[in-house]
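Sequence lines set the chain letters: A, B, ... in the order given, protein chains first and strands last, and positions in each chain run from 1.
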Number of protein chains: 2
Amino acid sequence: MAEIAYKTKDCGTCPIRHRAVCARCEADELVYLDQIKYYRNYEAGQPIVWSGDHIDFVGSVVTGVAALTQTMEDGRTQMVGLLLPSDFLGRPGRNNVLYDVTAVSDLTLCCFRRKPFEELLTTHPHVSQRLLEMTLNELDAAREWMLVLGRKTAREKIASLLLIIARREASLHLSSIVDGSRFDLPLTREAMADYLGLTLETVSRQISALKRDGVIELQGTRQVHIPDFATLLAETGDDADGGMPD
Amino acid sequence: MAEIAYKTKDCGTCPIRHRAVCARCEADELVYLDQIKYYRNYEAGQPIVWSGDHIDFVGSVVTGVAALTQTMEDGRTQMVGLLLPSDFLGRPGRNNVLYDVTAVSDLTLCCFRRKPFEELLTTHPHVSQRLLEMTLNELDAAREWMLVLGRKTAREKIASLLLIIARREASLHLSSIVDGSRFDLPLTREAMADYLGLTLETVSRQISALKRDGVIELQGTRQVHIPDFATLLAETGDDADGGMPD
DNA sequence: AGAATTCCTTGATTTGGATCAATCGAAAGC
DNA sequence: GCTTTCGATTGATCCAAATCAAGGAATTCT
């Protein structure tokens with residue numbers, strides 16, 4: 001079972017605290033958030049909540065990876081959300097979860113009890129504005145994902161996923177030496193298949209093909225090195241610019 | 001080109017005005033919204049904005065259907081948003097559009113100039129809370145759509161789309177005699193294909209198959225009658241309950 | 001009325017990815 | 001050290017949907 005640790009220490013990647021609260025709030029709000037904040041730790045593979053469950057917290061990923069998945073009656077499953085560090089989990093105003101949430105790797109969540117968090121939303125407008133911004137970003141990501149699911153080939157799907165992960169890795173290590181061109185895949189082949197609407201065999205074959213063609217290099221089965229981002233980008237089928245910012 | 005009509009009359013389905021503003025605001029806010037509100041009309045097939053364009057308004061669909069689509073270099077396209085009456089268009093805080101937006105049928109938008117609307121968001125917190133709620137709903141819809149794109153068969157995809165449209169139609173005529181079991185498809189076969197990640201031939205074949213099997217009835221090519229919702233639901237592959245509310 | 005266009009249907013063939021099946025390597029348990 | 005387990009790889013075969021192709025029905029244009 002998940003160990004629940006009540007602490008008040010800072011969690012480096014929490015976007016609510018750091019961007020919405022710290023940046024613009026007064027000290028008393030920090031104290032308030034600290035009072036309703038706690039940490040949850042999960043091991044790789046553990047379920048966090050099941051679809052339909054009551055849920056009394058929201059939170060964000062501090063370390064590790066969590067996945068939202070939907071399952072059909074006959075067992076077909078599709079991942080519909082991939083939560084990396086700093087991503088937000090949970091939906092204010094809803095009591096029940098619509099998706100299965102599982103820890104894909106070892107995972108630490110920074111959680112807030114839902115009721116007081118919802119109160120904070122009504123009393124501190126910029127928190128809900130920050131949440132709106134984050135949700136809109138997530139919607140944009142979901143729509144890019146739809147293009148991947150609906151129209152890309154297996155090879156393009158794999159290339160797209162590798163690029164997404166590489167970029168996220170890079171953004172986590174902004175100020176460091178790491179360039180994002182070498183990283184550990186946080187997903188099994190099966191999880192990648194669930195993300196991309198493929199089978200794990202096809203994922204394995206396409207990764208082997210990309211390796212054979214020199215687009216990526218592998219150390220063991222999980223550590224990826226991208227010798228040239230442009231080559232990988234060309235394999236995704238996307239435009240070179242990929243949507244200009246603001 | 002789009003006719004831009006400056007009017008102040010009420011638009012029946014605008015969720016910002018009716019749910020977020022009318023329900024909880026004072027009269028002066030209505031006046032303010034009226035000052036920045038105007039209508040745009042488009043004919044079926046007309047583009048509204050292209051990906052990358054600057055956009056200076058947000059708004060919501062009053063009548064008709066609009067689509068957000070993404071296009072790859074080689075012309076493959078995927079619809080990533082289907083906007084029916086009462087759906088919101090545009091992203092506060094972003095100057096440029098990420099998707100092509102087109103009128104699928106004749107369309108009327110109720111628009112607000114973006115800058116004053118964004119000011120309203122900061123001065124009237126419950127508007128941004130309402131917008132958050134709407135965005136979260138859209139994200140849920142996007143995630144259900146991902147399951148459709150990633151894991152469903154062509155037949156299940158068609159059944160799912162028909163059910164989505166039937167439900168939306170029904171919700172628009174809540175208090176009327178119409179039961180949603182008979183409606184006009186607002187989409188061409190090609191638009192349905194773009195929605196579902198299929199070709200238009202496959203869409204046509206599967207619709208013919210559902211008709212042959214008595215799941216749906218057709219009057220001409222667009223008017224659909226659903227004799228029994230349970231039968232159609234069974235064709236979607238979804239759970240019978242389909243995610244319980246709250 | 002006839003021609004052109006748009007939307008849809010249906011048939012024949014191909015193909016990319018699923019499915020079924022065997023094997024391998026690394027880590028964990030006894 | 002040996003076995004079990006879990007994740008990954010690779011091969012052989014199959015099938016659902018794509019592709020290629022021909023027409024049909026309804027609407028608009030001339």
- prompt: Just checking A:G45: base, sugar-phosphate only, or nothing, at a heavy-atom cut-off of under 4.0 Å?
  reply: nothing

query: So what does B:R222 hit on the nucleic acid, given a heavy-atom distance under 4.0 Å: a base, only sugar-phosphate, or nothing?
result: sugar-phosphate

I need the [atom1]-[atom2] distance between [X] and [N], as an integer number of Å.
X	N	atom1	atom2	value
A:Q78	C:dA18	CD	P	12 Å
A:R76	C:dA18	CZ	P	13 Å
A:Q223	C:dG25	CD	P	20 Å
A:E156	C:dG16	CD	P	12 Å
B:D194	C:dC7	CG	P	13 Å
A:R151	C:dG17	CZ	P	14 Å
B:L210	C:dT9	CG	P	12 Å
B:K211	C:dC8	NZ	C1'	11 Å

Of all the nucleotides listed ([options]), which has the minimum atom distance to the side chain of [X]?
X	options	answer
A:T221	C:dC7, D:dA8, C:dT9	D:dA8
B:L200	D:dA17, C:dC7, C:dT9	C:dT9
B:T188	C:dC8, D:dG7, C:dG17	C:dC8
B:R189	D:dG7, C:dG17, C:dT9	C:dT9
B:S208	C:dT9, C:dG17, C:dT19	C:dT9
B:T199	D:dT19, D:dA8, C:dT19	D:dT19
B:E201	D:dA8, D:dT19, C:dA21	D:dT19

query: Within 45° of the six-membered ring axis of B:F57 and under 6.0 Å from that ring's centre, is NZ or CZ of B:R40 located there?
result: yes

message: Nearest heavy atom decides the nucleotide; on that basis, is B:E190 or B:R205 closer to the 5' end of DNA chain C?
response: B:E190

query: Mapping A:Q206 and B:L187 onto DNA chain C by nearest heavy atom, which one lands closer to the 5' end?
result: B:L187

So, [X] versus [Y]: side-chain donor-acceptor pair below 3.5 Å or not?
X	Y	result
A:T188	A:R222	no
A:D194	A:T77	yes
A:D100	A:S51	no
B:R91	B:N96	no

query: Is the phosphate of C:dT9, meaning OP1 or OP2, less than 4.0 Å from a side-chain N or O of B:S204?
result: yes

